Amino acid sequence: MSKKFLAFDIGGTKISHALIDENGTLLSESQKHATPQSTEEIFALLHSIIAEHEQEIEAVAIATAGEVSLKHDRIIASVGNMPAGYHDIDFQALTNKPVYVENDANAALWGEYCCGAARNKKHAMLVAIGTGVGIAFLIDGKMLKGKSGAAGEAHFSINRGHHRRCGCGAYDCYEIYASGTALGLDAKEAYQDANVDSHTIIQGIKQGDERAQKVFDHWQENVTSGIIGLVNIFDPEIVILFGSLTEFMDYDKIEKAVNQDITAEPIQLKRATLKNNAAIIGAALIAKDCLQAAN
Ligand SMILES: [Zn+2]
């Protein structure tokens, strides 16, 4: 019988989870919860969901915001969008079953490489757009992890004519122009209203509101500008966009803009084929590989 994994995708705004088999197929619809305000509540939520499924699974697979160790066991840095103390959350204490953790962008790219848009493409890049931004690179069929596991953080500065403080403490990082948080800041500036956010813009563009579309298009140009630089450096075959906001992006327009400006051969630009499940599927497949390596 096929092995089952319980996979989570933990972000600053929501936590989703599903049961997934060893081929990356969802065995249940993925379910979403709002991310609790404290680390203790996040732990309690994960613990209660795991308790329901513990008997039927081989391991727990976690895709999370933040940088994750090379051993897939803990967070090592960059959890600015998560509650205080999340950095030190003890994932192994959630269950007696093995728990394997990976950064959400890395997990999403692995999912897309194994069963999505990057299948058979050994050079791929994924931009995960959520509360923050994470970037993942597949180089010659291997994930770029860096010396500690922290590669692919979106904290390099871009010049967009603003002066904005990023969650990491520095000014004008790519993340603070290309994240959902950034879209919210753009909305506040454009509407001169502290109460609007990224949801206002999404509601607006769904209703054909021109002002909202303009804010969204400007934000999309900021996302594009970072992609151009990264493509020049890493020369991937495909760039995949992942995260709930990517549903509303104009792929033809971004692909054209990127291919006009890069020095390398043209790239393909696509939304994650596995949509919002890319990270949980990738996390489950990483857990399967870790489990095999451990036995
Ligand atoms: Zn930053």
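Quick note: numbers below take in every heavy atom, side chains included, and nothing from hydrogens, waters or symmetry partners. In this text the structure is predicted, and so the values were computed from the model without any measurement. Whatever order the structure lists ligands and atoms in, that order sets their numbers, starting from 1.
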Any residue meeting ring-ring contact (aromatic ring centres under 6.0 Å, His included) with Phe43, in chain and number order, not counting sequence neighbours: none
The Zn ion (ligand 1): protein N, O or S atoms [distance under 2.8 Å]: His155 ND1, Cys166 SG, Cys168 SG, Cys173 SG
Show me the side-chain donor-acceptor pairs of residues 109-119 shorter than 3.5 Å, one per line, residues at least two apart or across chains.
residue: Glu112; atom: OE1; partner: Ala117; partner atom: N; Å: 2.7
residue: Glu112; atom: OE1; partner: Thr273; partner atom: N; Å: 3.0
residue: Glu112; atom: OE2; partner: Thr273; partner atom: N; Å: 3.1
residue: Glu112; atom: OE2; partner: Leu274; partner atom: N; Å: 2.8

Quick one: closest heavy-atom pair of Ala107 and Ala279, and the distance? CB-O, 3.5 Å
Quick one: sort the His17 and His53 rings into parallel, tilted or perpendicular, breaks at 30° and 60°. tilted
Not counting sequence neighbours, list each pair that qualifies as a side chain to side chain donor-acceptor pair (under 3.5 Å) and has a residue in residues 122-136. Thr13-Thr131
Applying side-chain contact (heavy atoms from CB on, under 4.5 Å) between Ile201 and each of Tyr191, Phe248, Trp219, report the one that passes. Tyr191
